[in-house]
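What follows is one structure encoded as structure tokens, with my remarks underneath.
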Amino acid sequence: MGVTNTGNVLFWRVHLGSNGGQPLTSSSPVSACKLPSEVRTLCPNPTGAAFLGATSKEVFIFQERTLAFAALHPLIAVQTSVDVMSVTNQTTDTKVEQKLKFAILGAAITETVLAVWGADQVCLYDISSGTVKEVRSFARDFVCLGAHGKVLVAVRDSSLSVLSSQGVAGKSELRIQPHEGLAVLMDNHRNHCVVGTSLGVLKLADLDKVDGKHWVRSRNVKDLAQNFARLRSAKVNIDGTFIAVLIEKAGDSKADSSVYVWDTERDSLMSFDCQLLGSHGSPFRDTKGAIRESSALDSKPEELAWDAKDRRLLCVHLRHADGGRGIATFFPTSEKGLLLNSVVQSTTNVRGLLLGCAAPFVYFYSGSEEQQGKLGVVKRVLPDFEGSSLVDNLDDCKTVTHFCYYSALGKIAEAVNAVKTPNASAVWNHLARLCVRGGKLEYAKMCLAKLSRADVLADLRAFSRTHPDPELQLGHLAALLQLMDVAQSCFDGAKAPELTLELQKASGDWNGLLDTLSSSTADRLRRRETLYSMAVNDVTFGDVDDAVKKFSDANCDKFDVPRLLLARQPSELRPYIDQADDRKLFGWYGHFLETQGLIDDAVDYYRKAGDLKSVVRTMVDQEEEALTLVRASKDKAAAFQLAHTLEIDGNTEPAVLIELYETASAYSSAIRICMENGLDEKLAQLAQKCEKPEMLTAAKFLEGKGHTDKAISIFHRVQT
């Protein structure tokens, strides 16, 4: 926490945890408040549960407390400030607010009544007409209050009783025995109510049958975990068959990472450790249904909510060690215990206070983009319905939930029979993708068969012949269904880098492809090909600057970059050539300028490139200068080019031509000039430097002209 010089007090929550043995520390803002004057002293109490702040005249005690709320779909009542309650109807999308005369501590709601209480007073409001109208108030003498129908249910330290609308307790009362502890929390859903005590005892009551004699069920959950300290939360489902529980351990006062569910019909307890869940990567299960340890991240359950209409669906709000938030859904089953159904990745969309769940939506009290960052009730789609248009059809949503439940149990026949809807094609299509995300390959193939997608199934069969690993098959199917994140997760999990590279290239994930190639020395040879493909892709989309950089990284800049700039940005071509300081580029640009008739500029770039042959070629009318250049440079290509040009012109002395051909080491051409012009002495000299065929030609020519001694000398040299 911290303070400013104007009296503002700011609070943050620090999250401690670990990931793969590495410590993680993160923080997030909680709230802020303003005091009348500057704060002089600020310190926490030894337990950290409260803070003391003092100004020059007053002392204040700060204590964090969860906002009061109550939900009965489609109505949600939530505390928006110290003394203001807001009621939202999710069906009509209307909201009304009510300001009270006291600080709010809790709330309960039915279809027609809203009950709000503070430290010593309870107020009842009529909300049946869409407005909030105060009916009456009475003194508070209870721990918690619930509402069902037209009656109120009060939990005192050692009893549960039904209250009249005037707050008077009736004769019916359910007692809590002294050895069970004192009541500390309560939750009711319709006519079922659960009470939790200080000693970890859960007691279930049917509010339609409170006869003052017996609870429906009782169970001590203190033995669920070692170092049990207290109950954090207890939520009952719509028909009272399951009760979800969160507990806190003793010692370090940290919340337990497990979610516990009490099956009241079988009187059995089941649990799931949320540390096995992850906030990054999808899916979280492999093709055998097991949780991947590689994706595990230290997660703890924050809040619970049962679905408003389906008794089987439990929604859990998660907090990860890195500060991220997530949503997990579970199915409690008598056969296999508490089964994980789905997990939504960590996202800001699921931050805030979990208010309730009514498939396909889950409701939070938080800020959102839709509300320009203002706090309010927002709804998010549950993981099972993300990316689907089925959220507008409740029957289709029920079908999806039924399918997920039976597939979680492994009952494939029941799962198939659950899909009975006129919109079956859209449902099967959504279920196929859902099964792929959940790692259920066989269920996904069954869904595709129901869709008559023979093309996809045939492709998958062909792939399976060369890749028998089910994880790879699941990844391939995900790629066929355009679920690229799932496909990459599968290929990475199965350690198939070649398939990962193909996937990234096909999906245009160039940056991911480069990262994959950079991670392995053996794959670095493919970087040039990848960079070149990326550059071509940038050219297609007109991103010339990035294309130039990638062509350079791929060592293709000498060929591709000049042509790209010439076509797209001609004005940038000459600066690029100059700064490149490369002879090949200078020569290419000189040729380009020559074709444009810019001879003087071309000659400059030919000289920079050291291409004297091209310089000489452009000096058509400057014979003397060209001859001087060749004699000074002794460049063979330039000498041959000039000699050939002068010979065709026909106005040059044979001696000059012979000199140039000799400089170019073109002795056959020099010998030919000597033979044509009767220069026998020069011919005999050149013959000594030639290859054997030219030497024989020169010797026979001299022999025929009577120069026997010169011919014999050359013949002798040929023999040696």
Side-chain angles (χ1 to χ4, degrees), residues 263 270 272 282-292 307 310-314 328-343 359-360 382-388 390 393 395-465 467-481 483 486-487 489-490 493-494:
D263 183 344
M270 58 191 85
F272 186 95
S282 177
F284 294 87
R285 298 182 179 211
D286 58 23
T287 52
K288 297 179 181 179
I291 303 296
R292 286 203 186 112
D307 186 82
D310 194 322
R311 71 182 188 90
R312 304 164 299 183
L313 184 60
L314 173 63
T329 59
F330 295 87
F331 288 125
T333 65
S334 302
E335 301 93 328
K336 296 186 177 182
L338 188 58
L339 298 178
L340 174 66
N341 177 45
S342 60
V343 181
L382 283 169
D384 289 340
F385 305 94
E386 279 191 310
S388 170
L390 304 179
N393 190 318
D395 290 335
D396 291 344
C397 293
K398 291 179 181 178
T399 298
V400 171
T401 303
H402 291 328
F403 181 92
C404 292
Y405 176 75
Y406 289 117
S407 63
L409 285 171
K411 298 181 178 180
I412 190 167
E414 288 85 344
V416 173
N417 293 332
V419 183
K420 297 177 181 178
T421 172
N423 195 24
S425 178
V427 172
W428 283 121
N429 184 62
H430 174 70
L431 291 175
R433 297 171 181 274
L434 189 62
C435 290
V436 170
R437 287 195 176 278
K440 301 172 183 177
L441 179 61
E442 295 304 319
Y443 284 85
K445 290 161 66 175
M446 177 196 65
C447 294
L448 291 171
K450 290 292 184 179
L451 285 168
S452 300
R453 291 299 303 273
D455 55 335
V456 176
L457 293 172
D459 191 312
L460 184 60
R461 281 195 298 271
F463 181 84
S464 64
R465 295 189 187 101
H467 300 83
D469 187 350
E471 190 79 357
L472 295 180
Q473 296 176 28
L474 181 68
H476 183 69
L477 179 56
L480 293 176
L481 297 179
L483 301 174
V486 181
S489 176
C490 291

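In this text, all values refer to a predicted model and were calculated from it rather than measured experimentally.
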Test log, rule side-chain contact (heavy atoms from CB on, under 4.5 Å), inputs C447 and C435: CA-CA 9 Å; C447 294; C435 290; 4.3 Å; yes
Determine the minimum heavy-atom distance between [X] and [Y], stating which atoms define it.
X: F403; Y: V419; value: CD1-CG2, 4.1 Å
X: H402; Y: A418; value: CB-CB, 3.7 Å
X: C490; Y: G475; value: CB-CA, 3.6 Å
X: A408; Y: L339; value: O-CD1, 3.4 Å
X: A444; Y: L477; value: CB-CD2, 3.9 Å
X: L472; Y: F463; value: O-CE2, 3.4 Å

Does the pair F331 and L313 meet the rule for a side-chain contact (heavy atoms from CB on, under 4.5 Å), with working shown? CA-CA 5 Å; F331 288 125; L313 184 60; 3.8 Å; yes
Quick one: pull up [atom1] in [X] and [atom2] in [Y] and give me the separation to the nearest 0.5 Å.
X: L314; Y: D307; atom1: CG; atom2: CG; result: 10.0 Å
X: M446; Y: L451; atom1: CE; atom2: CG; result: 10.5 Å
X: T421; Y: K398; atom1: OG1; atom2: NZ; result: 11.5 Å

Could you tell me whether the side chain of S464 and the main chain of R461 form a donor-acceptor pair under 3.5 Å?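 Answer holds: yes.
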Determine, step by step, whether N341 and F330 satisfy the side-chain contact (heavy atoms from CB on, under 4.5 Å) criterion, reporting the C-alpha distance in whole Å, the side-chain angles of both residues, the deciding distance to 0.1 Å, and the verdict. CA-CA 5 Å; N341 177 45; F330 295 87; 5.9 Å; no
Side-chain heavy-atom pair [X], [Y] within 4.5 angstrom cut-off:
X: E442; Y: K445; result: yes
X: D455; Y: R453; result: yes
X: D263; Y: P332; result: no
X: R312; Y: T401; result: yes
X: L390; Y: T399; result: no

Are D459 and H476 close enough, and set up right, to give a side-chain contact (heavy atoms from CB on, under 4.5 Å), and what steps lead you there? CA-CA 9 Å; D459 191 312; H476 183 69; 2.7 Å; yes
Show me the side-chain donor-acceptor pairs of residues 425-434 shorter than 3.5 Å, one per line, residues at least two apart or across chains.
{"residue": "H430", "atom": "NE2", "partner": "D384", "partner atom": "O", "Å": "2.6"}
{"residue": "R433", "atom": "NH1", "partner": "L481", "partner atom": "O", "Å": "2.5"}

If you draw a 6.0 Å radius around OH in Y406, do more than 12 non-hydrogen atoms from other residues or ligands fall strictly inside?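 Counting neighbours around OH of Y406, 12 or fewer heavy atoms of other residues, nucleotides or ligands fall under 6.0 Å, so no.
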